[in-house]
Amino acid sequence: MNVFSFLKHLKRRLRWKRGWIVLGTVIVICTLGWIAHTSDLLPSNKEALSQTTFAKLTPGVDQRLKEAITTLKGITDSRTTYLLKSYICGEERQQLGMQSPDQMIEAQMKHPNWFLSVSANGEVSFTEHINDLSPECKLKAVFGLDESGNLSLFKGTPSKENIIRTFFQLNIKHLESSLPSETVKQLHDGIRVSDLEEYNSVLSTFSDYAVEETERAMMSP
C-alpha cells in the first residue's frame with residue numbers, strides 16, 4: 001500500500017483528532033477575518049501606517065523593528081538590501097538591490113508581513129515567513145528517523161549530516177506494533193514529501209506515536 005494512502009486511511013480511524021482540527025480551522029478563519037477587517041481601517045499616511053504595523057506585531061518584534069528603523073534613519077548612504085524567504089522547510093535569500101533608508105522604510109510599510117532587520121555590520125535585510133515548503137525542499141525533503149529515534153526532516157537520504165529539523169521522539173515499539181511493516185520500513189528508509197499537504201499528513205499521523213502522546217493514551221481510563 002502506498003504510504004500516503006495508508007496515512008490517509010489511518011487518519012480516518014483516528015477520529016478523536018477531528019475535533020481539534022475543526023477547532024483549529026475555526027480559530028484560523030476567525031483570525032484571518034479579524035485581520036481582513038482591521039486592514040480596512042488602516043490610515044493612508046505613512047506615519048500612521050507604520051504605527052499600525054508596529055501595533056500588529058508582538059512586543060519583542062515591535063521593539064526590534066523600531067530599533068531597526070531608528071538605525072536606518074541614522075544611515076545617510078544607500079545600501080544593498082536582501083530578502084530572506086523563510087519557509088516551513090528551507091530558506092531562500094535574494095538581493096533587492098541598492099536602497100536608501102527611505103526606500104527601505106517604504107518597503108517595510110508596503111509589506112507589513114516582512115520583518116526589517118539591520119545586522120551589527122550594517123547589513124539590511126527583510127524576512128518573509130511563508131507557510132509552504134521551499135522549492136528545494138519540495139525536491140529533496142524526506143521524513144525519517146535520526147539515531148535517537150526522533151522523527152526528523154532530512155535533505156535527501158536520512159543521515160546525521162542531512163538533518164534539517166527534528167520534531168519529536170517516537171515510541172518505536174508502539175509504532176512497529178501498530179503500523180504495517182511496509183510503512184515502518186518506509187519510515188526507516190525515508191518518506192519523500194513534495195508539498196505542504198504531504199508534509200502535514202506525515203507530521204499529523206506520526207504525532208500519534210510521539211512518546212508523550214502514547215504515554216498519555218496509556219494513562220487515560
Side-chain angles (χ1 to χ4, degrees), residues 21 23-141 153-156 162-167 193-201 203:
I21 295 173
L23 178 60
T25 302
V26 171
I27 292 174
V28 170
I29 292 174
C30 291
T31 302
L32 292 175
W34 176 82
I35 293 174
H37 172 70
T38 53
S39 64
D40 293 336
L41 303 178
L42 292 177
S44 58
N45 66 83
K46 296 179 182 179
E47 181 179 358
L49 179 58
S50 178
Q51 293 174 353
T52 304
T53 299
F54 290 154
K56 290 170 62 178
L57 300 171
T58 61
V61 174
D62 182 342
Q63 184 59 33
R64 292 196 299 271
L65 183 55
K66 287 181 178 179
E67 291 174 356
I69 291 181
T70 298
T71 301
L72 287 176
K73 289 181 177 179
I75 297 176
T76 57
D77 58 327
S78 296
R79 298 187 182 182
T80 303
T81 59
Y82 300 87
L83 173 62
L84 175 65
K85 293 185 176 182
S86 179
Y87 295 84
I88 290 176
C89 167
E91 291 183 340
E92 288 185 335
R93 190 170 186 258
Q94 67 183 72
Q95 191 176 113
L96 297 179
M98 295 291 290
Q99 293 187 350
S100 68
D102 286 342
Q103 289 174 317
M104 297 172 198
I105 296 175
E106 176 74 16
Q108 173 63 72
M109 292 190 294
K110 184 178 179 181
H111 303 279
N113 60 316
W114 290 6
F115 174 63
L116 172 66
S117 63
V118 182
S119 66
N121 63 4
E123 183 177 280
V124 179
S125 62
F126 294 101
T127 299
E128 179 184 12
H129 295 282
I130 301 173
N131 186 38
D132 198 0
L133 310 185
S134 71
E136 183 178 21
C137 277
K138 288 181 179 180
L139 293 174
K140 300 180 180 180
L153 191 66
F154 300 85
K155 181 180 179 181
N162 293 337
I163 290 181
I164 298 174
R165 181 179 176 185
T166 296
F167 295 93
V193 289
S194 58
D195 58 40
L196 188 59
E197 182 181 2
E198 293 178 349
Y199 176 94
N200 288 332
S201 177
L203 272 183

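Of all the heavy atoms in E198 and V193, the pair that sits closest is OE1-CA, 3.4 Å. The two residues M104 and V124 have their closest heavy-atom pair at SD-CG1, 3.6 Å.
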Validation: residues 130-137 side-chain donor-acceptor distances under 3.5 Å, sequence neighbours left out:
from: D132; atom 1: OD2; to: K138; atom 2: NZ; distance (Å): 3.3
from: S134; atom 1: OG; to: C89; atom 2: O; distance (Å): 3.2
from: S134; atom 1: OG; to: C137; atom 2: N; distance (Å): 3.1
from: E136; atom 1: OE2; to: K155; atom 2: NZ; distance (Å): 2.9

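A donor-acceptor pair is defined here as one N or O able to donate and one able to accept, closer than 3.5 Å; no such pair exists between the side chain of Q99 and the backbone of T81.
Distance check, rounded to the nearest 0.5 Å: CZ of F126 to OG of S117 gives 9.0 Å. One finds the CG atom of L153 at 4.5 Å from the CD1 atom of I164 (value rounded to the nearest 0.5 Å). To the nearest 0.5 Å, atoms NZ (K110) and CD (Q108) are separated by 13.0 Å.
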Next on the checklist: For a side chain to side chain donor-acceptor pair (under 3.5 Å) check, start with the C-alpha distance between S100 and D102, then their side-chain angles and the critical distance, and finish with the verdict.
Outcome noted: CA-CA 5 Å; S100 68; D102 286 342; 5.3 Å; no
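Using a 4.5 Å cut-off on side-chain heavy atoms (C-beta onward), H129 and N113 make no contact. A 4.5 Å side-chain heavy-atom check between T127 and S86 finds at least one atom pair inside the cut-off.
Residue pairs meeting the salt bridge (charged side-chain N to carboxylate O under 4.0 Å, His left out) criterion with at least one partner in residues 86-99, sequence neighbours excluded, are R93-E123.
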